Structures are given as C-alpha cells and as structure tokens.
Number of protein chains: 4
Amino acid sequence: MAANTFGELFKVTTFGESHGQAVGCVIDGCPAGLELSVSDIEKELNRRRPGNLYGSRDENDTPSILSGVFEGKTLGSPIAILVNNENQNSCDYDELKDIYRPQHADFTYEAKYGFRDHRGGGRSSGRETLCRVAAGAVAKKLLAVSGITIRAWASNIAGIQQPSPGEDNFDLDEIERNSMRVPCKQGAQNVPSKIEELRADGDSTGGIVTCLVTGVPAGLGEPVFDKLDARLAAAILSIGACKGIEFGAGFASAAVKGSDYNSSDKSSGGIIGGISTGEDIFFNAAFKPTPSIGKPQRAKDRDGNIKEIQIKGRHDVCIVPRAVPVVEAMTALTLADFLLLSRCSKI
Amino acid sequence: MAANTFGELFKVTTFGESHGQAVGCVIDGCPAGLELSVSDIEKELNRRRPGNLYGSRDENDTPSILSGVFEGKTLGSPIAILVNNENQNSCDYDELKDIYRPQHADFTYEAKYGFRDHRGGGRSSGRETLCRVAAGAVAKKLLAVSGITIRAWASNIAGIQQPSPGEDNFDLDEIERNSMRVPCKQGAQNVPSKIEELRADGDSTGGIVTCLVTGVPAGLGEPVFDKLDARLAAAILSIGACKGIEFGAGFASAAVKGSDYNSSDKSSGGIIGGISTGEDIFFNAAFKPTPSIGKPQRAKDRDGNIKEIQIKGRHDVCIVPRAVPVVEAMTALTLADFLLLSRCSKI
Amino acid sequence: MAANTFGELFKVTTFGESHGQAVGCVIDGCPAGLELSVSDIEKELNRRRPGNLYGSRDENDTPSILSGVFEGKTLGSPIAILVNNENQNSCDYDELKDIYRPQHADFTYEAKYGFRDHRGGGRSSGRETLCRVAAGAVAKKLLAVSGITIRAWASNIAGIQQPSPGEDNFDLDEIERNSMRVPCKQGAQNVPSKIEELRADGDSTGGIVTCLVTGVPAGLGEPVFDKLDARLAAAILSIGACKGIEFGAGFASAAVKGSDYNSSDKSSGGIIGGISTGEDIFFNAAFKPTPSIGKPQRAKDRDGNIKEIQIKGRHDVCIVPRAVPVVEAMTALTLADFLLLSRCSKI
Amino acid sequence: MAANTFGELFKVTTFGESHGQAVGCVIDGCPAGLELSVSDIEKELNRRRPGNLYGSRDENDTPSILSGVFEGKTLGSPIAILVNNENQNSCDYDELKDIYRPQHADFTYEAKYGFRDHRGGGRSSGRETLCRVAAGAVAKKLLAVSGITIRAWASNIAGIQQPSPGEDNFDLDEIERNSMRVPCKQGAQNVPSKIEELRADGDSTGGIVTCLVTGVPAGLGEPVFDKLDARLAAAILSIGACKGIEFGAGFASAAVKGSDYNSSDKSSGGIIGGISTGEDIFFNAAFKPTPSIGKPQRAKDRDGNIKEIQIKGRHDVCIVPRAVPVVEAMTALTLADFLLLSRCSKI
C-alpha cells in the first residue's frame, strides 16, 4: 500500500503539507537518457497557477530538481523535485482549528489519524496537486518520445456546456488562451461572467474536464485488474474534488442498444478489455464545487456542536480550470507506467 | 505491477481462461481465525449464475477450497479456490478465430500479446468475474465481523430507471427475488419484457448498477493516491463492461452551487478527501450493452478486411443483473483491504 | 506486502498446506509466446523428489497446468499449476498437535496466527518448495531464451567439503548422477555413508549449496534497495532451512586487503553495486540440519511444560540435496524478474 | 518494482547523487502520533559521520524535516527529510570519468543505464546510506514505543576478532565510545593501529558487523517469501559493500548435527520459519574492503583498454565502523514494516 505513491514502474511519491516548509515529489523509475530541464517543469506548473479571475494564493512555485538529472539528461536514479512554500498565512486558519469545514477532509483526517494539521487543509490541500503536475511534466516528456500527447479542457463549468471535438466552435488552441480553459472563444467570454456572479454571491461551482489522448499505440494496458481505464479512473478520482469519470460513451452507453453501441467507433473511448485500441482515448471527469465558500455555513466542531461559520481568505470560485493540468498530469503518469510495462508483454 | 492481482493487504489473484481447464483465485492476506466454508462461496456464486431469462452457458460452478482453511477457520495462509470449467463448446468459436469481434478484446489482446486464446474470449471473458465473486464472498465475511454490509442492484436497465432509496416503491428485499436484480416489484415485471423484445431483435442493452455500503466506520481510506473512492473506481472499472462511475452527487455535482452541495449530506457519497465519513457510501456504475449480439455485424479480420459476421451461441441480452454480485465483490475486496490497512494509521 | 508472492514483474504466488488437498502456484507476468509444456515442470519436480537414500514421503507429484498456456505457448495470462496431495498420513501428527517441535515453526505460527494446521507443518512444510520448483521451471525456460543457465550443487554436506569449480575432481556433470547432488565422483561415495551413519543414530545434518549462473548480461539488477544480490539473498533465505548466504569472496572478504580483493575477478561474485557485471554469478547458501530427528528430544507444549518427545515417521537426514533444485528455482525466479525489468532502464 | 523504495507499510524512498545538490528521503506510512524532532535524526547521522581516524569528506549533514511532522508529532503523511550536499569537489573525479574503477559500480551503472554521473560514484556512493540512517532514526523511535532496541557493532575488522556477547571483555557500552565501533576496550586500541598501517600502505580492509535486536515479540515476520530473515537479508545486502549475511549459527550450522543444533537456543538467531520466536535476534554481515585504495591499480576504460590508475582524495580505510549505524537503520526499517504488518495477522 502506498498512499502517497503512484505507479508501479514509473513511480511518483509526493510529500508536503499546504502550510509546511515545502512540497515536492520523487520520481523513481524514469528511464535513463531522457532530456529534462527545470523549464519543462516550470511550464506545466505555470499552467496550474491561478489566473487573474481567481482568488487563491498566488505563489511563485519555483521548482528545483535536486537529483536524478546530470548534464541535461535523466540518470535512471530518482528525480527529486522541490518547491518551497512561501506564502503561508497560517493564522487565517487558527479560528477553524476546532471546526470541521463542510465537504473538507478536516473530520475524516481526524477520524483516521486522531490528529491533523489544520492549516489550509494540510496534506488534503489542493496544493498537493502541484507535485503531480511537476511529475506529470516528466511523464509527458517520456510519452512525447513515443508520440503520445495529452490535452484536457473544461468542457462544462457551472452547467455551461462547451462544444465537443468535431463540433462547430470547438478549438483546441483556444484552451491555453483563456483562464477558464474552455475550448471555445465564446465560452471564454460567457463563463467568466457566470463565475463573477457566483463570487459576488459568496458561492462556488463545479464542472467537467474532458481529456483526449492521441498517439497511443494499440496494446497498452493490462487485463483484469489493471485495465487501462481502471487505472486511469483511480488516477483521476485521486484528485481531491473529482466525483466521477466516464470513458467513451460512458453513462449514456447504459441506455444504448448493443447494435448501435457496436457500430460507433467512439463508443469505447479508445480502450477495450482494458487495453488501448490505438484510437484516441477520451474521458470526462466530474468535479464538485469548491467547498470553501464565502457564504455563512453550518459546520460541526470537535465536540459535535453545530456552529455557523464563515470561511475567510480568497478561494477559487471554481477549481476546474486549475484541475485541467492536473488531469493531464495524472493521465500522463498512468500512461508512462503502462508504456514501460508494455515492454514486458511478449517474450 | 500485478495485472491479475487485486489489493495490497487482502490480496486476490485470479487465473483461468473461459474455455481452459479451470478458473480460480488465491486470496493472500486474509487474517487467521475467520470462519469460512464452501457454502459461503457457493451462495455468492449462485447469485452470479444466469437466471432463466438469460441465454448464456449455465455451469454448475462448484467451488473447492484447496488450502488456507482448517477446521472451518482461515489459517492466515493463502486460500486457493478452484472451479473447473465444464461446459466448453470451444468449436462454437472456431470460425471466429481470425476475426476481431466488435467491442470485444480480441484485437487488443492480440495487439498486446501477439497471440490469443480465441475460445470465448479466453482471459477477457466474463467468466473471470466468477473468481472475483468467490473471493468477494470471503471479503464479505471479513467485513461482516466489523458490521459492514454491501448491497448492489440494477438501478437502470435499457433506460428503464428504478426508484432510489427513500423513494416510493424502492424495496431492498425485492432485489434477490427477481432475476433482473431491480429494487422494485414493478420493475421486476417491466424490465424482462423489454429484455425479451431486444432478444427477439438479436440485440442487447446496458444499464446502471448502484451500490450501497452501510456500517463503514469513519476513517477508512488513504489520502492522496489511494483514496477510497479512487480505489473503488479502479475496482469497479476493472469489471469488463463498466464504462463509468460516480460517487454521491457524481456528475450532477458539476452544475450545482457550492452552497447547495455543501448543505446536503448526500453529496459526498460517504467519502471526503478519500476517507470514509462514517455515513453510507454509495455510487453508480455504468455498464455498456453486451457486445455479443445476434444481429449481423461488420467486423475486421486479422488481415484488415471488413467482414459481415453473425455471432452464434446464446448470450446475455444484458449482463447488468449478473454484474450486481460482481460489483458487490469488488467493493468488498476494496473495503477489506482498507479495513486491514486502517489498523496501521495510528501509533 | 505479499507474504506468499515473489517477484514484481515475473510474479509467483504459492498456496497449499502440507496435508491439505493440494499445493500449487500462480505465475503472473510471464511474457506471451514462451513455449511451455507439463513435461518442463515435471522434469524439475523429479529433481526435487527424494532419492532412495532418503526417508521422506514419496509422492508422484504430477502437475497440471490449469491456465495461461494455449497451443503449447504462454498466453501472457496467469499460469496456474496444481499438484494434488496424495499421501497424507495426517494421523502421524496427531500426538504432536499440542507440542512445539524444536526448530520447527510450530510455536511461531501459533504466536503469529493464534492457530495452526499441525499436520506436517502445514504451510511451513518443505512441501511448499515444490511450488517454487514448478514456477522456477517456467522461469528457467524464459532465461534460457536469453542464454542464461543456472546450476547448483551440494558443496558441503555434514562437513565434507566438495571441490570447487576449477579444482581437480570438480565435475558439473556428476551432480545429477548422484542422489547427494555433489559435483565429484568421490563425494558421491563418501557422503552417503556419512548420511547412513547419522540415520542409524537418529540424527541429521546440514550443508552448503553453491549456485553458479552463467550467461547473465551486464546490467541486470537495480541500484540501492533492489540490488541483485539483495534480492537473491531474500530469495534464498526464504527457503525454510537456509541460515546464511555469501556472494563471491563472501565472509572471507572481511579479512582480505583491498588491493588483493580488487585484483581478483572472483571477489565480487559477478555483481557490483547490485548490478551484474556480465561475469558468472556465484554464491553459497548455508542450510541447517533437518529439525525432525529420530532421537528423543525435549520440547515445549502449549502450556509451557517441557516434555520428552520422539518424532515418528521417515524424514530426510539431510535436505541439502533436495534444496539444490529449490535454490536454482529461486535464483531463476529472481533473475526472470530482473531480466524483464531491465527492459525499462533506458529510454 | 521500487529500486529506491524500501518497505511495504513503513516505506522509505531515498534520492540523491553523491555530488548532486542534495540527498534525502521520504518516509510514507509512519503512523500518526509518533513524537519526532530533527534532533532524533541528527543524533543518528552523527554516528555515521567519519571519526578522526577516517579520511573521507566530513560534511555537516544537517537534516531538515520538510513535511509530515506538526507540533512535534508525526501526521501520518509523508515525512520528507533533506540534507544538502556541501562539500562536493567534483573535479577530483574528472580524470576518472572514462575509467571504470575496480570493484566500483562505474561499469555496471553504465551497462545498465548507458550513462552515469561519474562524480564520486553518483547514486552508487556510500553517501546514499545517510538517507537510510535518517529514515532508520524514525523507525527506531517507532520500535522503541514497542520496546524493541537494536544494537550493532564491528565484531571483526581486518581479521581482528572481537569478543561476542557473554564472553569476557564484551562490553556493549564501549561501542559508542570508540571510533571503530568495537565492543571491547582492548579492540578499541588494537584495531586503529592496524588501520593506520593499512593507510600508510595505501590499502584498505573489510570486516564483520554483528547486530543484536532485543524486545521483539514472538510472531513478527511473514511465512514463505517474506520471512523475517529473508527480508533482513535483503535489507542488509542492499548496503553497498555487504557480501554476506548469516543468522544465528549461520554457516557453522551446516556441519552441526541436528541433535546439537536443536538443543541450543542460540542456533536459530531468534527466527524460526521466518517468524520471530520472541528471543533475541542476531546476525552477522560481512563487508568487503573499501574499493578506493591509494595504491596504483589496473583498471579498464570505456574503450576496453587496461590502464594503471591511482585514486586520489581521502577515503575510509575501512567502512565497517560507519556501516554500523547503517546496519541498525536497515534492521529498524525492516522491523518497523513487520511490526505494522503484524497488526493484520489475526481477525
């Protein structure tokens, strides 16, 4: 069991509390000879930083590579990446230290460990995803060598549905041009005004991230328990706010006739029997609304009393745009693992 | 990497091809002292057998416990369970041996291994789930000692939605009384006629399984990568026909306001931050239509030619009812693993 | 943790108690396309059977391959191998069921599990090694494809030292010609008379197994914790009666000068920094005397009383000859794992 | 496979090259609620630092705890420990960058990875053991809560045998008073003069470390492949210079009669059937001479030419004293893992 480790061959361990000294990760199993520099990691970390529409703390998040890279190439030894925590206003959290914030992991961590770091969620903070994005940057470089690319976007925010690939107005290039990470010029204008409305109201919202993987060769994945979709599901559901995932036709396939399902090459989402077909892989992941809202709420304290609380500080109204690079990172880590493993399928 | 092994502490390895000599499993890590008999396993295997509405092969599926149990109690050593394959009409499959059946794993297995057992899907056959149910029976007994119970049902078949817990007509006791595994007397009548219609048409359908876990203590699950929901997602998506999963409010939570989400105790589905809250855990899993249909279909052969094929033999029109005990089994195996692991959280 | 599983990529799980219904193993991770038949396994199992000098139970030990092989080749799916237990005189053990036999695992199993199968040692019996030899036969076939061969022999029995490679009288071909598995014609005569003497006296003895691996390419093994020698040590020490292991110059290297150590190419035993050098790998493993002896002994019972006991039945005076194929099997399993893993070292 | 990770439940991942920016480790799985401070770690690191008899680089080795500890207690989240590399005279190594130093891992790393960090051995340097000692310090604190203590010492250096427990002159308290880590006042005087002699000669030596564990409850360890002695063997052999290990009577047991072996309670070394008996655990580990010697030696270069080289810089004549805390650390990490696992043996 490796609560804080992901992967079997391309293995990532993350560490760090939100308001501790640093966060970081160790990548064990990256093959030797891969070109890698700090800027590869910075580029991805920047995509995860809040845009100007957000309210969350904006840190510089400068990564250091402490080991595993020599003369610009990976050594085959563990790659440790470190990011110091700069901007910790821990005192913001002092008045909540005996309160279990609704839909936060405050109570469950205490139930499990008998004890918690209450400052900003500690280990359960979204800040942990920074390490996933850093490690994912390395995985992406490995996948790129095999021609595999991963693109994710916000396909729905606050109920505003964006166009799908093949539909009018869908534009992959648009995604990185707008802070909402929507794949459509019009969405890039509509969504922010909805977000502003929610913020003014002290409220928050969720959304859906869609992920598209191209260039995956047929034959990736393991049968039975380590199916490619099963492992991707675990990877994506391990992102704190994620509440669901569906591949290809997904939940809609439940009500479709077999003859119709079988005759569309979009049904499977590029995975059959847990193994890649060689076609594009795609899936949707549902994210719940940001649990920290400005509105007053009722919450339990450690003694079981119900109190009215109001969460201070600035928080993302919607974390979906920032989840986009995290979804890509987790997808990359999963595929990197299977890509290595696929070297062992045949004699 | 353990393609055919599930779990870390309560560990199950399954083996066997559909038309090979036998299927079976080895459970490693079941604590010593648990009462266990063959009938515990038979009871669950019987729930997975086809009812009279189905068309699939009906085997006796008599399990033997080869090891790990002595004088009615588990020894702490591996529990091997074996079920011989009786009813293998392998010749049914001979004419399909160079064809990749649509939405079956025929092509992907060949892409991965360069070679496959074409008889009835070989390792990718649904017959493998028999072993999961056998192992799940042991996990259920372990969970029962801690007061944890798992119930799943078909909440939607062929688009016919069944009532949810708390709604009128919802009746847990109904589930095992009807072969469709629906939780409602009326559904037990409506659904079979829809199924008959599809069968007459040489077609198939999918559906949704809902699973409800009661009695889970707060504090089960691991933070970060081994979140309880992440691991359950992997467990359920590892069932061949499953295409999606959602916990609590699931996909609907994407469009809900944070203030509404936070104020309902059903939103989280009993898991926050990857750790159980102590409330009921529930989730929905989407299943695609049975890929083997009677209607003529177009399929690729090994040389890349498109051929029209017609799949012979009798197949389930809808595998959802038979997936119900499999969903329960995978849930039980996941929880058993976390239950043991939770013994190590605190000093 | 996987008490009954060995390996990470080429993974073996064994099961079965000495006097239960069957023993067996499941090999998960053998690449597809390897030629394999039951006779490959039988050949190795026969090498483990007692010769006519021994006293232990002689079973037929006929293996069945239940899965994972199709048309004479491995499928990439789990290979389950089963051997039924035939010759269980369980009643022989009834009078010892409340006694902890000296140097047997009777007491420690009870301390761990609170409960044990007392019949012939249950899971701690040497019979479990049959499964290792069966799995090792498959690993050997995989290694042979890469030109790797493994030979072990009894280099010392009851203190009688046998010649080493390069010395006069050392003859690899002799090993399989004599039941003592010594590499020397004269040893094949001297040792049995010493064994007979001990048997007449109701006593037992131990010895040393030497193992030589040829054809290993440079670069096998993993740095730091999974060094090739570290993993071989775990593999060999996991054989019940083994009490020590040394590689190359071994314990003698402790008192050698660095300049002398460095100038001999035999010093390292073919492994430096945990990675194979491409030279022959060799090591010695020490085995304790068979704990079951005919002489009366003092033993504790469950209530803490000291009793005089006399162990009935026929037992090996020395298990070293039968340990020879087990040492080979564990070496093969270790190397197969690293051979697959080495495919992932470089980009 | 986790080349740089040790353990299953109490899991340590180390990272860092000898002359890179830093070395460190991440401990995942330490239960919550354990008191822990930087000084606990510093104390053990100081024991590993060279004494004044040694020649190796002397760094300050100041550890930082970056995560996992809050208000003086472990959180249950990963504990990251970092030590910056200060004293890197990388240029010392430039002239050896195309040479494979004898008995160093230079060649094998290149064979495996096609590429290496030649500065001071890179990842294969003894500096990596610093991280093991840091992690071992945490494991020791966990074991102490259960009353388990670990003591190791140099029982033989350069062939000079030290007294054993129970013998005259054996004194556990002496070990930390002398830089040779011998358990005897006289040895503390004899050994250094032998070391000085070797140093003057540009030579080196090896030795034997003995380890004694007290307070281990009966029942620790797993049967079959994860026997306590098997896992300890892997732990200790994973220390770079270790060439052998023996438990209890060890290699001597090979020539002992069963009746004698069985009647001594020292024979087993506190482990039977892979499980602790509740008696003291003890074992010997053999260490080869330091491979870096001052004397001229012959070595291969990358093109296969034999060259005469002379290794510059100051190196330990004997690493055995510094291996003592490393042996303790690896023993502690192994036992911590099994201690947690033992919580899952019984229902």
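The chains referred to below are lettered A, B, ... by the order of the sequence lines, with proteins before strands, and numbering in each begins at 1. These numbers were taken from a predicted model, which means no experiment stands behind them.
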Inset, instruction - Output the option from A/A32, A/P78, A/G122 having the highest count of non-hydrogen pairs under 4.5 Å with chain D. - result: A/P78
Legend entry - Residue, of A/G24, A/G33, A/G68, A/G114, that accumulates the most heavy atom pairs under 4.5 Å with chain D: A/G68
Quick test of your reading of the model: are [X] and [Y] salt-bridged, counting only N-O distances below 4.0 Å?
X: A/E110; Y: A/R302; answer: yes
X: D/E44; Y: D/R48; answer: no
X: A/R231; Y: A/E222; answer: no

Legend entry - Proximal component of A/R123, with respect to chain D [non-hydrogen, under 4.5 Å]: side chain
Inset, instruction - Check whether A/L82 gets within reach of chain D through its side chain, its backbone, both or neither, counting any heavy atom under 4.5 Å. - result: side chain
Inset, instruction - With a 4.5 angstrom heavy-atom cut-off, could you sort out which part of D/K73 is near chain A: side chain, backbone, both or neither? - result: both
Legend entry - Set of side-chain hydrogen bond (donor to acceptor under 3.5 Å, both in side chains) partners for D/T108, sequence neighbours left out: none
Legend entry - Best-contacting candidate, D/V26, D/I65, D/V69, D/T14, against chain A by heavy atom pairs under 4.5 angstrom: D/V26
Inset, instruction - Sequence neighbours left out, what passes ring pair (Phe, Tyr, Trp, His ring centres under 6.0 Å) with A/F15? Give chain and number order. - result: none
